[in-house]
Number of protein chains: 2
Amino acid sequence: MAKLQKSIDKRNALIKSTIELVNNNGFHATPMSKIAKMANVSPATIYLYFENKQDLVNQTYLEVKSNYTAFVFETYDKDTSVKTGFELIWRRIADFNRTECEYSFFLHQCNNTQIIDEPSRKEGIRHLQPLLDLWKRGKQGGVIKPISDYILYACSINPLSFLMMAQKQDQFQLTEEQVEDAFLTAWDSITL
Amino acid sequence: MAKLQKSIDKRNALIKSTIELVNNNGFHATPMSKIAKMANVSPATIYLYFENKQDLVNQTYLEVKSNYTAFVFETYDKDTSVKTGFELIWRRIADFNRTECEYSFFLHQCNNTQIIDEPSRKEGIRHLQPLLDLWKRGKQGGVIKPISDYILYACSINPLSFLMMAQKQDQFQLTEEQVEDAFLTAWDSITL
DNA sequence: AAAAAAAGAATGAACATTCATTTTTATTTA
DNA sequence: TAAATAAAAATGAATGTTCATTCTTTTTTT
């Protein structure tokens, strides 16, 4: 395949530039020419790696999303109590939001706007399966509230995105202590 | 002022069209010509009412946001118990998300992207002052957890936005019953 | 009849994408 | 091994389109 001959470094540089520029200006306000310049590449070169602008952003999304899930479940062990398991996952997500703030912000933008096309977004959703399985077990064991996974997610995981955004906008500082508070709150919200 | 001579209907139509088109295509993918067409107006006419595209979207944002706050606190009475007060506000927000879904979605997009360059976008949750005051009282009375307002907001109010988004993307149906679940979850999360 | 509001067409800039060349890399031949 | 050639990758400069904004004219209101 031709693809594999081409420099993986260049592809990465393009993806990195895309993230940074989309984060700062939004997708439609980010010209290909700027992405190229930031990646030290000619505009034409982008089209050797990606079909077009939409493909570039879709692939960037999928790549970031897969980094995200890999990170989140890296330390997960499904043979633990529901509480331990949840805490493991939750804290990894919190870490990701804190340490990989650029990725996190990019994902947030993609999830909350019309940047990404449907198929890519759909593909992104499946990634949290282990957490859903854990919740299922928790519901069966009478630990987790027997309510929609969407509500569980909205109340326990999504707040981290919001706090990350608030932090990014300098409205709020997400310190260690705040993370503790947020965890206890998340746990309280989803348990019986 | 000339402004007041011009038709308020046209201005409203422009704002309405802006919301609808930005919701469906995003700001930068929405041409002025389409906004004009949807509002049954010539493109040039937009510039009689707004300075330019940025001004149009900024003003739309301010207008929607002020509708939101007016709606949310319309029924609020600060001389009630913390629980009653919170429930009043929370349910109004839920209603707004359900019945004024277009407004709600638009606000969400503005709050989570770089569309708006209005200082007021950076004000965070300050526009919800009565709610913050209520929480203060709740903290003093030992009802509400003594933690950052941002965390309280993230866990009890923000989930509604998330659920509205999920609904908008047809992943989820926010029924009456789900609203009940969500309310109990929200209340559990912020109380001691 | 004058002033204000609205319109459609024109302008010029920005931008995604493609084209024609050049540069780099890999392969073959002597 | 080194020169010669072929293939791949990369480029800068076009291309053609889209679009925000403005200009000139027409319509409506006062």
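Just so we're on the same page: letters track the sequence lines, and every chain starts at 1.
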Please give, in whole Å, the distance from [N] [atom2] to [X] [atom1]?
X	N	atom1	atom2	answer
A:R11	D:dA9	CZ	P	15 Å
A:K10	D:dA8	NZ	P	16 Å
A:F50	D:dA10	CZ	C1'	15 Å
A:L14	D:dA10	CG	C1'	12 Å
A:I46	C:dA16	CD1	C1'	10 Å
A:Y47	D:dA14	OH	C1'	14 Å
B:D9	C:dA6	CG	P	11 Å
A:L48	D:dG12	CG	C1'	14 Å

**Study point:** Side-chain N or O of B:Y49 closer than 4.0 Å to phosphate OP1/OP2 of C:dA6
**Key:** yes
Legend entry - Short side-chain N/O contact to D:dT21 OP1/OP2 from B:K53, under 4.0 Å: no
Show which side-chain atoms of residues 30-42 of chain B pair as donor or acceptor with protein atoms under 3.5 Å away, not counting sequence neighbours.
unit_1 : atom_1 : unit_2 : atom_2 : d
B:T30  : OG1    : B:L21  : O      : 3.3
B:T30  : OG1    : B:G26  : O      : 2.7
B:S42  : OG     : B:A44  : N      : 3.1

For [X], what residues pass the ring-ring contact (aromatic ring centres under 6.0 Å, His included) criterion, not counting sequence neighbours?
X	result
B:Y61	none
B:F183	B:W90
B:Y103	none
B:F172	A:Y150

| message | Under 4.0 Å between a side-chain nitrogen and a carboxylate oxygen: does that hold for A:K83 and A:E87? | response | no
* Hey, is A:D9 close enough to A:K16 for a salt bridge, meaning N to O under 4.0 Å? -> no
Expected list for residues 21-44 of chain A near DNA chain D, using heavy atoms below 4.0 Å, is A:V41, A:S42, A:A44
The side-chain contact (heavy atoms from CB on, under 4.5 Å) partners of A:D95 (sequence neighbours excluded) come to A:F71
(request) Measure from the side chain of A:S7, starting at C-beta and using heavy atoms only, and say which of C:dA7, D:dA10, D:dA20 lies closest. (result)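 Selected nucleotide (nearest to the side chain): D:dA10.
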Write down the protein N/O and nucleotide N/O pairs, taken from nucleotides 21-23 of chain C, whose separation is under 3.5 Å; answer none if there are no such pairs.
none

Can you give me every donor-acceptor pair (side chain of residues 159-168 of chain B, partner residue at least two apart or in another chain, under 3.5 Å) with its distance?
unit_1 : atom_1 : unit_2 : atom_2 : d
B:Q167 : OE1    : B:L174 : N      : 2.7
B:K168 : NZ     : B:E102 : OE2    : 3.2

